[in-house]
Amino acid sequence: MTNTPTPSGSVDATKVQPIQRVSDDDLYRHSSQYRMWSFTPEQLAQKRVEINARAATVLETRVRSFLEQNPDLGSDEVAAITEKAVPVTADEEVLLVNYFARMLLTFATKMNLPTEVAATAVTFFRRFYLNNSVMDIVPKEIFYTTLFFACKSENFFIGIDSFAKKTKSKNEDVLKYEFRLLESLQFTLMNHHPFKALHGFFLDIQNILQGKVDLNYMGQVYTNCKKTIMEAILTDVVYFYSPPQITLAALLKEDEALAMRYLDLKFANEDSPGVLHLETLRTVIVACKDTMSANAVPSKEQATRTVAKIHFGQNPLSVVERMRRQRESASPP
Amino acid sequence: MLRNEYTKEKRVGEGTYAVVYLGTKQSNNRKIAIKEIKTSGFKDGLDMSAIREVKYLQEMNHVNVIELVDVFMAQNNLNLVLEFLPADLEMIIKDQSILFTPADIKSWLLMTLRGVHHCHRNFILHRDLKPNNLLLGPDGQLKLADFGLARNLGSPQDLLTSNVVTRWYRAPELLFGARHYTGAIDMWSVGVIFAELMLRIPYLPGKDDVDQIDVTFRALGTPTDKDWPEISTFSAYNKIQFYPPPSRDELRKRFIAATENALYLMSGMLSLNPHKRWDSIKALTSQYFVELPEPTTPEELPKLGGK
């Protein structure tokens with residue numbers, strides 16, 4: 001990263017070296033988003049399994065010691081606890097996180113926050129759960145914290161009083177886990193969302209396909225692609241692909257013919273072949289598009305079930321209390 | 001575990017939102033500076049300046065930008081571990097016992113521009129460049145520091161605040177209250193710093209914000225809508241005094257030791273119209289850096305106390 005433009009007609013003519021320019025790709029590879037938050041699907045899956053297993057062990061230990069401390073529980077009660085107070089699975093975690101991430105996006109949109117702030121909030125929220133389990137801190141507890149912190153990080157400051165008022169929450173609840181959040185984000189806050197890439201491609205397409213595309217139509221394409229990207233940041237493609245790749249995948253989904261015509265012409269004009277490989281790029285963005293489309297939207301019922309499961313796991317006593325309540329209401333006094 | 005890795009040995013400074021300590025990284029005995037961000041008394045949680053500093057320094061890894069060695073939490077405080085940089089350019093400029101050669105000035109300017117170029121190609125605006133924020137390592141390397149005001153180069157429609165950059169180094173578009181601006185504001189600051197290096201006194205020392213406009217245009221001429229067509233859209237423009245631009249001869253007299261190429265570069269960075277102002281690439285590839293003398297190697301640059 002130390003390469004900078006060398007003065008033209010460099011001083012020492014005896015050892016002229018070809019100037020190695022730092023490319024945009026080089027710069028992206030130095031970003032924290034690439035260094036720390038990009039994974040292969042295997043790495044990501046393993047990360048999630050590990051986070052889940054660690055929290056599951058803690059939970060099981062806690063349930064065991066609860067049972068030991070309460071030897072007077074009935075056998076049916078012990079059975080209920082053993083059945084209900086169990087850890088959630090790694091898959092349930094992912095679905096729950098994505099469910100709340102989607103809620104966060106909806107909420108941010110309702111608050112009229114800028115797109116970048118909303119996208120950052122979602123990104124922070126999802127990254128938080130790559131280092132924490134929903135069994136450690138339930139999504140509800142970090143929901144507003146992420147949004148508040150995203151506002152600050154994206155230079156869209158909202159004071160805590162007015163934020164708390166707007167979100168109908170308490171100051172101290174919003175701020176409670178702010179440090180934990182920053183720490184879980186591994187102190188990296190810069191986000192490169194695909195929206196800038198979209199704007200760039202949008203301009204470049206008009207340039208490359210000058211006179212061959214209808215501007216009104218392009219406006220429609222832009223709006224739809226933006227929606228697709230909003231959906232994409234809720235999926236794992238953000239961990240596997242770079243922002244321009246995600247953008248091209250969105251374009252591919254919107255109008256495959258347009259995307260391909262643009263790329264063909266773009267590469268035909270490219271005067272440095274070998275730098276970019278059209279075929280490779282095509283394979284990458286098709287794969288990205290498929291991953292994007294394969295994303296399952298978690299249902300509310302699923303989410304509610306998982307939240308209840310976490311609650312029982314964290315409070316085995318509540319299983320017993322619930323049973324006793326049910327028993328009481330079943331038998332008349 | 002991490003917190004024992006760094007020792008805080010001496011308190012060296014205190015700002016509005018941080019206390020700075022000198023210390024040592026235990027595992028390799030490296031001297032470091034620790035910026036401990038105050039957290040109590042900030043009702044809005046983590047301070048914006050601290051967030052910006054962490055956010056931008058994490059993305060940059062360049063010999064002319066201060067290195068963020070580590071970040072950690074201890075006793076509910078945020079600690080930024082930075083590389084240890086014992087001096088800054090302001091101290092050097094003010095040290096009367098030091099004589100600058102044109103080669104020294106060229107070296108400091110080159111390192112400043114390289115750092116700025118690295119920020120700008122990462123789409124980061126520093127927004128507070130001044131000699132006091134250009135720190136000097138024991139090896140003579142100059143490093144951009146204090147990213148507490150930095151931000152991303154926004155989208156074209158974003159509204160930015162014009163209340164940035166320490167007054168004397170503030171570009172004319174900021175003086176007029178522009179809500180849209182680019183890296184050109186940093187380039188202006190570099191131009192003013194270049195002038196200060198040659199003069200050894202601040203070049204445009206306005207007493208207040210109004211005076212700054214007067215001082216700036218008295219030195220460089222009041223822009224007209226011929227050289228800056230959008231200028232009349234700023235409401236403050238109609239109220240200001242008109243000064244003719246300085247002739248090349250006047251500039252030569254003010255900057256006696258400067259070569260023509262040096263003056264050309266300085267004037268390029270001090271173009272009143274931000275659209276015409278030189279960017280970091282144009283500045284770095286200017287003839288000034290090609291002509292003799294070659295810039296002094298960092299190790300041989302003058303140090304504090306004339307050593």
Side-chain angles (χ1 to χ4, degrees), chain A residues 1-12 21-24 26-28 30-36 114-116 145 148-164 171-172 174-183 185-192 195-196 199, chain B residues 39 42-48 50-52 54-65 68 70-73 76-78 80 110-111 113-118 121-124 150-158 160-161 280-292 294-295:
Chain A
M1 284 319 278
T2 53
N3 295 348
T4 32
T6 312
S8 52
S10 190
V11 198
D12 197 350
R21 294 274 183 209
V22 173
S23 70
D24 289 342
D26 293 330
L27 290 173
Y28 182 68
H30 279 85
S31 69
S32 58
Q33 181 166 319
Y34 181 82
R35 285 183 288 120
M36 316 180 56
T115 308
E116 297 273 327
T145 310
F148 179 67
F149 191 67
C151 286
K152 289 202 278 188
S153 185
E154 291 299 321
N155 218 16
F156 194 83
F157 182 75
I158 301 177
I160 184 69
D161 290 336
S162 99
F163 182 88
N171 290 17
E172 58 270 29
V174 175
L175 293 174
K176 185 177 170 196
Y177 287 120
E178 192 179 40
F179 270 29
R180 174 86 177 245
L181 174 64
L182 180 62
E183 210 167 9
L185 295 172
Q186 293 171 263
F187 307 103
T188 56
L189 307 176
M190 179 78 96
N191 281 300
H192 299 280
F195 305 109
K196 281 220 174 70
H199 196 186
Chain B
T39 47
F42 288 95
K43 112 177 184 330
D44 296 305
L46 262 171
D47 181 66
M48 288 282 281
I51 291 175
R52 290 194 192 108
V54 172
K55 176 174 172 180
Y56 296 110
L57 285 182
Q58 285 285 33
E59 303 301 314
M60 280 195 281
N61 169 20
H62 188 278
V63 62
N64 298 122
V65 176
L68 181 61
D70 207 345
V71 189
F72 66 93
M73 297 283 193
N76 236 3
N77 274 333
L78 179 64
L80 312 189
L110 180 61
M111 292 187 283
L113 282 168
R114 283 180 171 158
V116 171
H117 178 65
H118 189 64
R121 69 179 169 188
N122 280 293
F123 305 100
I124 295 168
R151 68 159 288 153
N152 281 342
L153 175 68
S155 303
Q157 69 273 20
D158 287 352
L160 283 65
T161 168
S280 56
I281 293 180
K282 193 155 183 209
L284 279 165
T285 52
S286 75
Q287 282 302 305
Y288 169 71
F289 290 114
V290 179
E291 73 176 1
L292 291 174
E294 281 185 48

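Bear in mind the structure is a predicted one, so any value in this text is a computation, not a measurement. Within every chain, numbering begins at 1; the chains are lettered A, B, ... in the order of the sequence lines, protein sequences first and strands thereafter.
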Under the side chain to side chain contact (heavy atoms under 4.5 Å, CB included) criterion, do N122(B) and M190(A) qualify, and how do the steps go?
-> CA-CA 11 Å; N122(B) 280 293; M190(A) 179 78 96; over 6 Å; no
Test side chain to side chain contact (heavy atoms under 4.5 Å, CB included) applied to Q58(B) and L189(A), step by step = CA-CA 8 Å; Q58(B) 285 285 33; L189(A) 307 176; over 6 Å; no
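Atom CG in L27(A) sits 11.0 Å away from atom CD in E59(B) (nearest 0.5 Å). In this structure, CD on E183(A) lies 5.0 Å from CE on M73(B), to the nearest 0.5 angstrom. Here the CG-OG distance, from N61(B) to S32(A), works out to 12.5 Å after rounding to the nearest 0.5 Å. Rounding to the nearest 0.5 Å gives a distance of 10.0 Å between CD of E178(A) and CG of L78(B).
Residues N155(A) and R52(B) have side chains in contact (heavy-atom distance under 4.5 Å, counting atoms from C-beta outward). Looking at heavy atoms from C-beta onward, L68(B) lies out of side-chain contact with F187(A) at the 4.5 angstrom threshold.
Residue L57(B) does not touch chain A at all, counting heavy-atom pairs closer than 4.5 Å. When heavy atoms are compared at a cutoff of 4.5 Å, L80(B) does not approach chain A at all. N152(B) touches chain A through its side chain: at least one heavy atom from C-beta onward sits under 4.5 Å away, while N, CA, C and O do not. Heavy-atom distances place no part of Y288(B) under 4.5 Å from chain A, backbone and side chain included.
A search for ring pair (Phe, Tyr, Trp, His ring centres under 6.0 Å) contacts involving F163(A) returns F148(A), not counting sequence neighbours.
A distance-only check finds a donor-acceptor pair linking the side chain of K152(A) to the backbone of L46(B) [under 3.5 Å]. For the pair K55(B) (side chain) and S153(A) (backbone), a donor-acceptor distance under 3.5 Å is present.
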